[in-house]
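One structure is given below, encoded as structure tokens.
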Amino acid sequence: MVPQQQVIRDFGRSRAKAHKDIKERLSMARRAGMPKWKTRREALPTLNYTKRGFRLKDGRLHLAGDIVVAVVWSWELPAGPSSVRLYQDSLGHWYCSFVVPAQVLPLPQTGRVLGVDWGVKETATTTSDAHDLPHAEQGRNAHRKLTRYDRMMTRRKPEKGRPGSKGYREAKKLRAKTYKKVARQREDTRRKWAKKVVRDHDAIAVEDFRPKFLARTTMARKAADAAIGATKAALTETGRKHGRDIRLVHPAHTTMDCARCDARAKHALPLGERTYTCTACGNVSPRDKNSARVMLVRAGLNPAGADGGRPPGALLQEAA
């Protein structure tokens with residue numbers, strides 16, 4: 001009964017938030033949507049347990065209803081959990097997600113800053129060449145396998161209302177396994193890159209880019225493969241975890257401004273033009289590198305040095 005009660009609480013909380021946003025007349029982009037009903041075929045099982053519905057004893061998870069689960073721990077919990085969520089992925093594997101208080105693990109000061117500009121050709125371009133994140137293209141590399149499994153599923157697709165054959169289920173499992181591998185590769189890449197960036201810099205100016213609109217363009221597949229939103233979230237969370245100064249910069253006109261003299265171009269640069277040339281001061285630099293430096297200027301950081309190095313006292317002011 002504990003998971004069912006928690007589902008009702010979550011449903012009520014989500015519905016109340018949606019009504020509150022409607023009453024406050026928020027825009028559709030900022031408004032929380034109404035909760036939707038999901039059938040068993042549409043959603044994988046998820047069970048939420050609050051503090052009174054579970055306990056940990058001798059490395060095992062004891063759930064309400066005399067259910068004991070042997071957990072394979074990824075790492076030790078830093079504190080006592082307040083809740084736990086059990087969920088199943090597309091491969092049928094079960095996972096436990098514990099909620100524990102966030103702890104700040106400060107890193108030593110480096111005296112350096114970094115500007116980050118997001119893109120599709122290169123996932124992240126920074127003011128330091130050593131910290132650029134190239135497009136790994138994991139999804140493109142797995143495209144041939146996924147196409148093959150899609151065709152296998154199409155040939156074996158059952159009629160409506162009838163269960164799938166053994167071949168259909170095997171093809172579906174292979175397809176899910178390939179997608180899972182790609183997701184894990186992307187997660188591993190962005191976590192390692194975020195940790196490297198946070199370890200080497202005290203303050204990071206990040207473009208507050210929201211790639212949702214790219215899904216309606218011709219770059220939708222490549223943008224999804226780059227996973228810009230997930231990479232930005234990983235960088236922000238890692239920076240806050242280690243006590244770094246993460247500053248989000250509005251992306252408007254970042255490709256039109258000059259990082260040296262702050263002059264703005266009269267016309268937006270086309271995507272095919274990859275070199276920025278300032279008509280005011282004559283500054284010539286790669287387009288994405290110039291945008292990364294603009295991030296530092298707008299965030300109130302002095303972009304001294306090609307790698308974003310910062311001398312003592314170069315902090316200007318907090319970004320608005």
Side-chain angles (χ1 to χ4, degrees), residues 1-18 32-107 138 163-164 169-170 172-195 198 227 229-243:
M1 289 296 294
V2 175
Q4 289 88 338
Q5 293 174 356
Q6 189 62 34
V7 168
I8 296 174
R9 295 192 193 100
D10 294 341
F11 175 80
R13 192 180 298 112
S14 300
R15 188 178 177 85
K17 179 64 169 62
M34 296 290 289
K36 299 180 181 179
W37 296 98
K38 295 182 180 180
T39 62
R40 291 184 178 181
R41 293 184 179 180
E42 294 176 350
L44 295 170
T46 301
L47 306 175
N48 294 331
Y49 290 87
T50 53
K51 196 168 185 178
R52 293 185 178 182
F54 76 98
R55 64 188 177 94
L56 297 173
K57 183 178 180 182
D58 299 331
R60 292 174 175 266
L61 177 62
H62 296 255
L63 303 174
D66 296 332
I67 301 174
V68 181
V69 180
V71 182
V72 179
W73 296 95
S74 301
W75 55 77
E76 294 184 1
L77 297 178
S82 59
S83 64
V84 62
R85 182 170 68 96
L86 280 73
Y87 62 95
Q88 187 183 31
D89 65 358
S90 57
L91 296 178
H93 300 160
W94 284 88
Y95 295 89
C96 299
S97 177
F98 294 92
V99 178
V100 296
Q103 294 183 345
V104 178
L105 305 175
L107 293 172
Q138 287 100 344
R169 294 194 301 269
E170 289 180 355
K172 186 177 180 180
K173 187 174 182 179
L174 290 172
R175 181 173 177 269
K177 189 175 181 180
T178 305
Y179 270 115
K180 192 71 173 180
K181 180 180 179 180
V182 172
R184 286 172 174 169
Q185 287 176 335
R186 291 172 180 165
E187 184 178 7
D188 181 70
T189 300
R190 61 175 173 259
R191 281 187 175 182
K192 289 180 179 178
W193 175 78
K195 187 64 179 291
V198 169
T231 306
K232 185 183 77 171
L235 178 60
T236 305
E237 293 173 2
T238 306
R240 290 172 179 172
K241 175 183 177 182
H242 295 287

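Counting heavy-atom neighbours within 6.0 Å of Trp37 CH2, excluding the residue itself, gives a total of 12 or less. Counting heavy atoms of neighbouring residues, nucleotides and ligands inside a 6.0 Å radius, atom CZ of Arg60 does not exceed 12 of them.
Residues satisfying the side-chain hydrogen bond (donor to acceptor under 3.5 Å, both in side chains) test with Arg85, not counting sequence neighbours, are none. With sequence neighbours excluded, the residues satisfying side chain to side chain contact (heavy atoms under 4.5 Å, CB included) with Lys17 are Asp21, Ala32. Residues satisfying the ring pair (Phe, Tyr, Trp, His ring centres under 6.0 Å) test with Trp75, not counting sequence neighbours, are none. Under the side chain to side chain contact (heavy atoms under 4.5 Å, CB included) criterion, Phe54 pairs with Tyr49, Leu61, Leu63, Pro81, Val84, Phe98, sequence neighbours left out. Contacts of Arg55 classified as side chain to side chain contact (heavy atoms under 4.5 Å, CB included), with partners at least two apart in sequence or in another chain: Lys57, His62.
Nearest heavy atoms, Ser90 versus Leu44: N-CD1, 3.7 Å. Between Val2 and Gly53 the shortest heavy-atom distance is CG1-CA, 4.4 Å. Pro78 and Val100 make their closest contact through CG-CG2, 4.1 Å (heavy atoms, listed as atom of the first residue, atom of the second, distance).
Distance check: Gln6 CD to Arg13 CZ gives 6.5 Å after rounding to the nearest 0.5 Å. One distance of note links CG of Leu91 with NZ of Lys181; it measures 13.0 Å at 0.5 Å rounding. Considering OH of Tyr87 and NE2 of His93, their distance stands at 12.5 Å, rounded to 0.5 Å.
Applying salt bridge (charged side-chain N to carboxylate O under 4.0 Å, His left out) to Asp89 and the options Lys180, Lys177, Lys173 leaves one that passes, Lys180. None of Gln185, Lys192, Arg184, Arg191 except one satisfies the side-chain contact (heavy atoms from CB on, under 4.5 Å) rule with Asp188; the exception is Lys192.
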Enumerate donor-acceptor pairs with a distance under 3.5 Å from any side-chain N or O in residues 230-243 to protein atoms, sequence neighbours excluded.
residue: Thr231; atom: OG1; partner: Ala227; partner atom: O; Å: 2.7
residue: Lys232; atom: NZ; partner: Asp208; partner atom: OD1; Å: 3.0
residue: Lys232; atom: NZ; partner: Phe209; partner atom: O; Å: 3.1
residue: Thr236; atom: OG1; partner: Lys232; partner atom: O; Å: 2.9
residue: Thr238; atom: OG1; partner: Ala234; partner atom: O; Å: 2.7
residue: His242; atom: ND1; partner: Leu105; partner atom: O; Å: 2.9

| message | side-chain contact (heavy atoms from CB on, under 4.5 Å), that's the test. Do Val71 and Leu56 meet it? Break it down for me. | response | CA-CA 10 Å; Val71 182; Leu56 297 173; 5.8 Å; no

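Between the side chains of Gln138 and Thr189, at least one donor N or O lies within less than 3.5 Å of an accepting N or O.
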